[in-house]
Amino acid sequence: MLYANRKLLALFFLIVLIGATPPILVILSPIKSFAIGCLITASLGILMALRNINKIKKIKPRTLLLIAVIIFYIGLQHSFVGVWQEKSYSSILPLIIIIISAYLLSQEIARLNDRLILKAFRWSYYVFSCIGIINIITGYSIGKSLGYTHAQPIFPFLEPSHYSLYFGPLAFIYITLEKQPMKKGLGLALIIALSLTIPNTTLLTYACLSILMMVYSFRVKILFLILPVFIALTIYGTNAVLSNEYFSKRLSVSSDSGQNTTTLVYLQGMQDAINSFSITNGLGLGFQMLGTQPPSDYAYTIAKLMSDVNGELNRQDGGFLAAKIIAEFGILGLFVVLAFTVLCAKSFINIRDLSKKNARESNTKEIIFSCIVATFCIEMFIRGYGYFSPGLYIFLISVFYLDALNKSKRREIPIKEKHSATINKQALNKHYSSSTIIEAK
């Protein structure tokens with residue numbers, strides 16, 4: 001019991017620190033990068049999962065092939081596009097440490113029981129719910145008093161979208177796994193209320209994703225009964241959101257977006273990805289090289305809007321992760337984004353299927369990490385801020401865990417089939433032995 005409690009507390013505090021440490025260090029230290037905070041939390045993850053260190057000594061052939069492909073591709077970029085900047089080379093080791101940490105932590109999580117994991121994520125959900133509510137009630141005074149520059153800093157996060165990217169998946173997990181309809185409804189009401197009160201489009205997207213998952217998980221008969229109500233509520237909700245000036249501006253993805261920098265940044269990311277792909281003949285700019293290419297028309301519009309000729313906004317992170325990956329890795333990046341899209345779709349289907357079967361708590365861990373993979377589509381396609389983000393670290397843990405789980409399932413099938421064949425053979429032998437005895441008599 002004591003061991004389980006220690007593991008529960010360690011995992012709970014790690015989940016909280018993964019989200020909170022990077023932004024706090026950005027504002028309180030001279031190094032204005034999320035990489036340091038992510039590296040610290042990754043190091044804590046390694047310490048927590050240190051007993052699994054032997055599992056990385058033997059590199060599997062598939063991993064070696066992947067490493068060889070990446071090295072070959074980097075060689076092509078250096079030969080035909082050009083060498084990288086200093087930031088690119090200095091970011092390689094921290095990213096490798098984060099990947100190793102995610103793998104080790106996924107192996108540690110595989111050892112822990114489902115109830116412990118669920119409790120750790122639920123406690124984390126409660127903590128970040130309170131963080132959002134307290135910041136709103138206090139008028140974001142905590143962050144402002146510490147020198148946060150954003151108008152609405154949700155301490156410890158720098159801005160509402162960063163809070164949304166970490167709280168959103170936790171809320172999605174809570175709503176998906178909560179069995180009591182009342183608590184499920186309250187969870188959904190809270191995320192909607194927070195997204196409208198702040199207000200924040202990213203958090204509202206997580207709320208919509210949670211609603212879709214709920215409807216998608218209903219049985220056909222129930223879905224048929226509630227469909228008219230769902231359609232009516234959807235129409236009403238859509239009209240309410242679009243009638244709000246804040247949301248209507250941000251949901252209008254057009255070049256004549258006026259004063260809306262959010263939309264301009266998103267369009268800039270799309271255009272930078274296309275331009276970078278084109279000027280490098282599909283090879284990409286290189287790791288952490290986004291922002292070194294010539295500015296797009298949207299970059300000039302943003303600079304004009306900021307009344308600064310040299311003003312740049314989100315040029316290095318692309319606004320969303322898919323733009324950054326494609327701009328920096330070209331064809332290889334495009335393949336990664338397409339592979340993620342397939343994985344994301346499979347995760348949604350898996351969540352629904354497992355939720356229907358999950359009368360007991362036997363598949364809870366698989367549902368939790370499938371939820372994280374599914375919700376990562378927001379960071380990938382809507383709002384992201386680079387490779388060194390808490391969301392990407394949690395996503396990597398989920399991918400490693402689910403991959404190991406799928407491998408173990410594939411190994412179990414032949415064993416079960418062999419066991420079944422042995423039982424049938426024994427039964428058949430027993431049958432023939434009985435027949436022989438009867439004939440002899």
Side-chain angles (χ1 to χ4, degrees), residues 62 65-66 69-70 73 95 99 102 106 161 164-166 168-169 172-173 176 201-217 251 253 265-278 280 282-285 287 290 314 317-355 366-387 389-407:
R62 188 178 68 169
L65 178 62
L66 179 61
V69 169
I70 293 172
Y73 198 86
L95 187 61
I99 292 170
S106 71
S161 61
S164 302
L165 288 170
Y166 200 70
F172 186 86
I173 291 167
T176 301
T201 311
T202 306
L203 196 56
L204 183 63
T205 309
Y206 281 110
C208 294
L209 208 61
S210 300
I211 294 170
L212 287 174
M213 192 68 248
M214 283 177 63
V215 174
Y216 185 51
S217 300
L251 293 174
V253 184
V265 163
Y266 190 86
L267 293 171
Q268 174 187 251
M270 291 178 64
Q271 193 61 57
D272 282 347
I274 295 168
N275 292 348
S276 301
F277 193 94
S278 176
T280 60
L283 283 175
L285 298 166
F287 179 57
L290 184 60
N314 296 89
D317 62 38
F320 57 103
L321 192 56
K324 185 173 177 66
I325 293 173
I326 293 170
E328 294 184 351
F329 291 99
I331 296 171
L332 182 62
L334 188 60
F335 174 78
V336 169
V337 172
L338 291 174
F340 166 76
T341 305
V342 173
L343 178 63
C344 184
K346 287 182 178 178
S347 296
F348 269 107
I349 296 169
N350 198 37
I351 293 166
R352 182 201 57 182
D353 294 343
L354 289 172
S355 297
E366 190 174 357
I367 295 175
I368 287 171
F369 294 110
S370 294
C371 285
I372 292 171
V373 171
T375 52
F376 193 71
C377 65
I378 306 295
E379 193 160 342
M380 181 66 80
F381 297 116
I382 295 178
R383 178 69 175 97
Y385 51 98
Y387 306 118
S389 78
L392 181 60
Y393 181 52
I394 296 286
F395 169 75
L396 289 173
I397 295 169
S398 305
V399 170
F400 285 132
Y401 173 79
L402 293 173
D403 181 60
L405 183 66
N406 290 332
K407 284 178 183 176

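The chain is numbered in sequence order, starting from 1.
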Rounded to the nearest 0.5 Å, what separates atom OG in Ser370 from atom CG in Asn350? 4.0 Å

Output for pair (Ile368 CD1, Ile351 CD1), nearest 0.5 Å, gives 11.0 Å

Is any side-chain heavy atom of Ser106 closer than 4.5 Å to one of Phe369? no

Rounded at 0.5 Å granularity, tell me how far CG in Leu321 sits from CE in Met380. 5.0 Å

So Leu283 and Phe277, do their side chains get closer than 4.5 Å, heavy atoms only? no

Given Leu165, which partner from the list Leu203, Ile378, Thr375 fulfils the side chain to side chain contact (heavy atoms under 4.5 Å, CB included) test? Ile378

Start with the C-alpha gap between Ser210 and Thr176, add the side-chain angles, then the distance that decides, and say whether side chain to side chain contact (heavy atoms under 4.5 Å, CB included) holds. CA-CA 7 Å; Ser210 300; Thr176 301; over 6 Å; no

Minimum heavy-atom distance Ile331-Tyr73, with the two atoms named: N-OH, 3.4 Å

At their closest point, which heavy atom of Ala323 faces which heavy atom of Ala273, and how far apart are they? O-CB, 3.7 Å

Any salt bridge linking Glu379 with Arg383? Criterion: basic side-chain nitrogen under 4.0 Å from a carboxylate oxygen. no

Between Leu290 and Ala327, the two heavy atoms sitting closest are CD1-CB, 3.6 Å

Between CE on residue Met270 and CD1 on residue Ile326, distance to nearest 0.5 Å: 9.5 Å

Under the criterion side chain to side chain contact (heavy atoms under 4.5 Å, CB included), I'd like the reasoning laid out for Gln271 against Tyr266: C-alpha separation, chi angles, the key distance, then a yes or no. CA-CA 9 Å; Gln271 193 61 57; Tyr266 190 86; over 6 Å; no

For Val265 against Gly319, the heavy-atom pair lying closest together: CG1-CA, 4.0 Å

List the atom pairs, with distances to 0.1 Å, where a side-chain N or O of residues 339-349 and a protein N or O form a donor-acceptor pair under 3.5 Å, not counting sequence neighbours.
{"unit_1": "Thr341", "atom_1": "OG1", "unit_2": "Val337", "atom_2": "O", "d": "2.8"}
{"unit_1": "Ser347", "atom_1": "OG", "unit_2": "Leu343", "atom_2": "O", "d": "2.9"}

Report yes if the side chains of Leu209 and Cys377 come closer than 4.5 Å at any heavy-atom pair, otherwise no. yes

Kindly determine whether Phe329 and Phe287 satisfy side chain to side chain contact (heavy atoms under 4.5 Å, CB included), including the steps that lead there. CA-CA 7 Å; Phe329 291 99; Phe287 179 57; 3.8 Å; yes

Using atom types as modelled, flag every donor-acceptor pair under 3.5 Å from a side chain in residues 390-403 to any protein atom, sequence neighbours excluded.
{"unit_1": "Tyr393", "atom_1": "OH", "unit_2": "Ser101", "atom_2": "OG", "d": "2.5"}
{"unit_1": "Ser398", "atom_1": "OG", "unit_2": "Ile394", "atom_2": "O", "d": "2.9"}
{"unit_1": "Asp403", "atom_1": "OD2", "unit_2": "Arg62", "atom_2": "NH2", "d": "3.0"}
{"unit_1": "Asp403", "atom_1": "OD2", "unit_2": "Lys407", "atom_2": "NZ", "d": "3.4"}

Does the gap between the ring centers of Phe320 and Tyr385 come in under 6.0 Å? no

In Å and rounded to the nearest 0.5 Å, what is the CE to CD1 distance from Met213 to Ile173? 13.0 Å

List the atom of Pro169, the atom of Ser164, and the distance in Å for their closest heavy-atom pair. CD-O, 4.1 Å

Find the distance between CD1 (Ile367) and CG (Asp353) and round it off to the nearest 0.5 Å. 10.0 Å

